[in-house]
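This report refers to the structure that appears directly beneath it.
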Amino acid sequence: MKNNWKKKAPDTLTDEEVLAMPDSEYMNDVQLAFFRHKLLLLRDDILNNAGETAENLREGATVVPDPADRATIEEEHALELRTRDRERKLLKKIEQSIQQIDAGEYGYCDETGEPIGVARLIARPTATLSLEAQQRREMRQKMFGN
């Protein structure tokens, strides 16, 4: 049962099955296909949300005479636009991660070259730094600013 991941399609694997793979299998073809599928689903979800946002903003373009209601609508639109801006940035990271998979560089820390780790990549598929490197970067930012 331990190697049942070898018999499954990458897009049918669960996070737990990928986590259970031995370290010697790190970033094998199955894991790369698994993460590619995960990233593509995330990208499609963001793109679908973007279409809904455009539709919501068009629908909400009606003139509301009450200033309080208008302010509430404008605040909701601003919040939605900020969310979409964050998603736009995430979309760029997703595309970069897919390119790294294609280049065979996915899953390794940009700073140290060490494996990022399957658990971290499942939690954050666009991670480019190992947990330790990320913590060092955050500590430097905290101490010295950006």
Side-chain angles (χ1 to χ4, degrees), residues 5 8-146:
W5 58 268
K8 292 180 83 173
D11 60 340
T12 64
L13 288 171
T14 64
D15 292 351
E16 292 75 24
E17 288 171 321
V18 174
L19 277 169
M21 289 182 187
D23 290 344
S24 61
E25 297 289 339
Y26 187 72
M27 288 304 123
N28 62 18
D29 291 343
V30 173
Q31 284 187 357
L32 290 172
F34 170 82
F35 284 110
R36 172 186 272 285
H37 179 72
K38 199 174 201 56
L39 288 160
L40 290 173
L41 288 176
L42 189 57
R43 182 186 71 185
D44 292 347
D45 190 40
I46 290 171
L47 292 174
N48 289 338
N49 286 345
E52 290 173 18
T53 297
E55 190 62 34
N56 289 344
L57 292 176
R58 273 194 293 279
E59 287 174 5
T62 58
V63 177
V64 179
D66 181 43
D69 289 344
R70 192 168 47 243
T72 300
I73 291 170
E74 287 174 9
E75 186 58 35
E76 288 171 356
H77 286 181
L79 179 62
E80 195 161 346
L81 289 172
R82 280 195 303 274
T83 300
R84 296 303 161 246
D85 189 49
R86 278 196 303 274
E87 287 180 346
R88 181 187 53 80
K89 291 174 184 171
L90 178 57
L91 199 55
K92 185 176 177 186
K93 289 181 180 180
I94 290 169
E95 293 298 337
Q96 290 170 341
S97 295
I98 292 170
Q99 288 172 355
Q100 285 182 316
I101 289 173
D102 293 343
E105 299 167 358
Y106 182 78
Y108 295 92
C109 180
D110 284 353
E111 258 181 38
T112 66
E114 296 290 316
I116 291 173
V118 173
R120 178 158 165 74
L121 289 170
I122 286 174
R124 187 173 191 91
T126 58
T128 57
L129 298 173
S130 67
L131 190 57
E132 296 78 18
Q134 182 67 37
Q135 288 171 336
R136 280 194 305 273
R137 179 175 283 185
E138 288 172 5
M139 187 63 76
R140 279 194 305 269
Q141 285 175 341
K142 193 183 281 185
M143 289 171 50
F144 305 113
N146 291 344

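Sequential numbering from 1 along the given sequence is applied to the chain's residues.
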field: Under the side chain to side chain donor-acceptor pair (under 3.5 Å) test, residues paired with E25 that sit two or more places apart
entry: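 Only N28 meet the side chain to side chain donor-acceptor pair (under 3.5 Å) criterion with E25.
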
task: Just jot down the side chain to side chain donor-acceptor pair (under 3.5 Å) partners of E138, sequence neighbours excluded, or say none.
output: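 Counting only residues at least two positions away or on another chain, E138 forms a side chain to side chain donor-acceptor pair (under 3.5 Å) with Q134.
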
task: State the CD1-CG distance between I46 and L91, to the nearest 0.5 angstrom.
output: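 Rounded to the nearest 0.5 Å, the CD1-CG separation comes out at 5.5 Å.
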
query: Once you round to the nearest 0.5 Å, how far does CG of L121 lie from NZ of K38?
result: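 So the CG of L121 and the NZ of K38 are separated by 10.5 Å.
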
Listed by chain and number, what are the side chain to side chain contact (heavy atoms under 4.5 Å, CB included) partners of [X], not counting sequence neighbours?
{"X": "K93", "value": "Q96, R124, T126"}
{"X": "I101", "value": "L32, F35, R36, L39, Y106"}
{"X": "Q135", "value": "L131"}
{"X": "D11", "value": "A9, H37"}

For S130 against C109, the heavy-atom pair lying closest together: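 Smallest heavy-atom distance, with atoms named: N-SG, 3.4 Å.
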
field: Considering all heavy atoms, the nearest R84-N49 contact
entry: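 Answer, listing the atom of R84 first, then N49: NE-O, 3.6 Å.
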
Which residues share a salt bridge (Lys or Arg N to Asp or Glu O under 4.0 Å) with [X], sequence neighbours left out:
{"X": "D110", "value": "none"}
{"X": "D85", "value": "R88, K89"}
{"X": "R86", "value": "none"}
{"X": "E75", "value": "R82"}

- prompt: Are any side-chain N or O atoms of Y26 and backbone N or O atoms of I116, one a donor and one an acceptor, separated by less than 3.5 Å?
  reply: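 Checked: pair present.
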
- request: Check whether any side-chain heavy atom of E17 sits under 4.5 Å from a side-chain heavy atom of F34, and report yes or no.
  value: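 In short, these two side chains do not touch, never coming nearer than 4.5 Å.
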
field: Heavy-atom check, side chain of M21 versus side chain of V118, under 4.5 Å
entry: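 SC-SC contact between M21 and V118 ruled out.
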
- request: Answer yes or no: does atom CG of D66 have more than 12 heavy-atom neighbours from other residues, nucleotides or ligands under 6.0 Å?
  value: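 It does: D66 CG has more than 12 such atoms within range.
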
query: Got a sec, which pairs hit salt bridge (Lys or Arg N to Asp or Glu O under 4.0 Å) with one end in residues 40-49, sequence neighbours left out?
result: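 The answer is R43-E95.
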
query: Can a salt bridge be assigned to the pair E114 and R120 using a cut-off of 4.0 Å between side-chain N and carboxylate O?
result: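 Not counted as a salt bridge, because no side-chain N and carboxylate O are separated by less than 4.0 Å.
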
